[in-house]
Amino acid sequence: MTIIRVEIFTKGVLTLKKFVSGVIVGALLFGGASVFAESVSLIGKKVSGVYTIEKNGKKVAEAVIINGSAYAPVRAVAEATGAGLKVEGKKIIMSETNQGSSATATSEQKSVADLQVEREKVSAVIEQKKANITDLETNVIPLYEAQVKDLSTNSALAQQVQGTVDSYKSILEQRKTELSTLQQQLTDLDAKIAALLK
């Protein structure tokens with residue numbers, strides 16, 4: 001009988017060892033899975049809405065709503081708040097900056113850049129208008145005026161061509177007025193840029 005008891009005892013210990021090791025392996029597997037699940041908890045989740053993030057009435061970015069929390073692009077939010085931002089490995093580090101002067105300086109730099117872009121556009125249009133005026137004055141109008149002289153014997157045709165000359169002269173005056181307006185616009189832009197750069 002003693003032999004049977006030892007045998008039952010060793011079977012029980014072996015069964016207990018298997019049970020305990022199974023619990024430990026299961027805990028490790030499921031524990032690791034839950035830790036992994038927490039780090040990627042947004043994967044596969046449903047976006048329940050999209051909100052617009054604004055600062056001073058201007059759109060900064062869009063935030064998605066997942067499980068009642070808003071998720072927004074860090075860089076856009078950092079730039080809007082004037083915070084510094086750098087990435088080191090898998091860390092995104094935001095640093096405080098002087099909100100007042102930094103944000104104002106960034107805003108002024110953007111304004112200057114926008115004005116300079118607008119100035120370039122106006123300057124390009126001015127060059128086109130000047131080229132058009134030069135073409136009308138040196139090529140188109142003189143050509144039709146020469147035709148009017150050549151057609152002096154055919155007064156009906158000469159009057160038709162003279163009508164074309166008058167039409168081109170009207171267009172020429174219109175282009176000169178447009179050029180004057182554009183040049184004033186360019187002067188105003190230069191004054192605004194100079195004021196912001198002081």
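All heavy atoms count here, side chains included; hydrogens, waters and symmetry mates do not. Positions are given from 1, in the same order as the sequence printed here.
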Problem set entry | Any side-chain donor near an acceptor of the partner, Gln128 and Asn132, under 3.5 Å | no
For this session: Check whether any side-chain heavy atom of Arg175 lies under 4.5 Å from a side-chain heavy atom of Ile171, and answer yes or no.
Result: yes
For this session: To the nearest 0.5 Å, tell me how far Lys192 NZ sits from Leu197 CG.
Result: 14.0 Å
For this session: Calculate, to the nearest 0.5 Å, the distance between atoms OG1 and NZ belonging to Thr134 and Lys130 respectively.
Result: 9.0 Å
Problem set entry | Test log, rule side chain to side chain contact (heavy atoms under 4.5 Å, CB included), inputs Asp190 and Leu186 | CA-CA 6 Å; Asp190 286 338; Leu186 191 65; 4.3 Å; yes
Exercise. Between OH of Tyr168 and CG of Leu136, what distance do you get to the nearest 0.5 Å?
Worked result: 7.5 Å
Exercise. Sequence neighbours excluded, which residues qualify as side-chain contact (heavy atoms from CB on, under 4.5 Å) partners of Lys176?
Worked result: Ile133, Glu137, Leu172, Glu173
For this session: Identify, with sequence neighbours excluded, every residue that meets side-chain contact (heavy atoms from CB on, under 4.5 Å) alongside Gln116.
Result: Val112, Ile193
Problem set entry | Considering all heavy atoms, the nearest Val165-Tyr144 contact | CG2-CB, 3.2 Å
Exercise. Between NZ of Lys149 and CD of Gln162, what distance do you get to the nearest 0.5 Å?
Worked result: 10.5 Å
For this session: Just jot down the side-chain contact (heavy atoms from CB on, under 4.5 Å) partners of Leu157, sequence neighbours excluded, or say none.
Result: Leu151, Asn154, Gln160
For this session: Count the heavy atoms of every other residue, nucleotide or ligand shown that sit under 6.0 Å from NZ of Lys129, and state whether that count exceeds 12.
Result: yes
For this session: Enter the distance from Leu182:CG to Glu127:CD here, rounded to the nearest 0.5 Å.
Result: 11.0 Å
For this session: Indicate yes or no: at least one non-hydrogen side-chain atom of Glu145 is less than 4.5 angstrom from one of Lys169.
Result: yes
Seminar exercise, completed: So CD of Gln184 and CG of Leu189: to nearest 0.5 Å the spacing works out to 10.0 Å
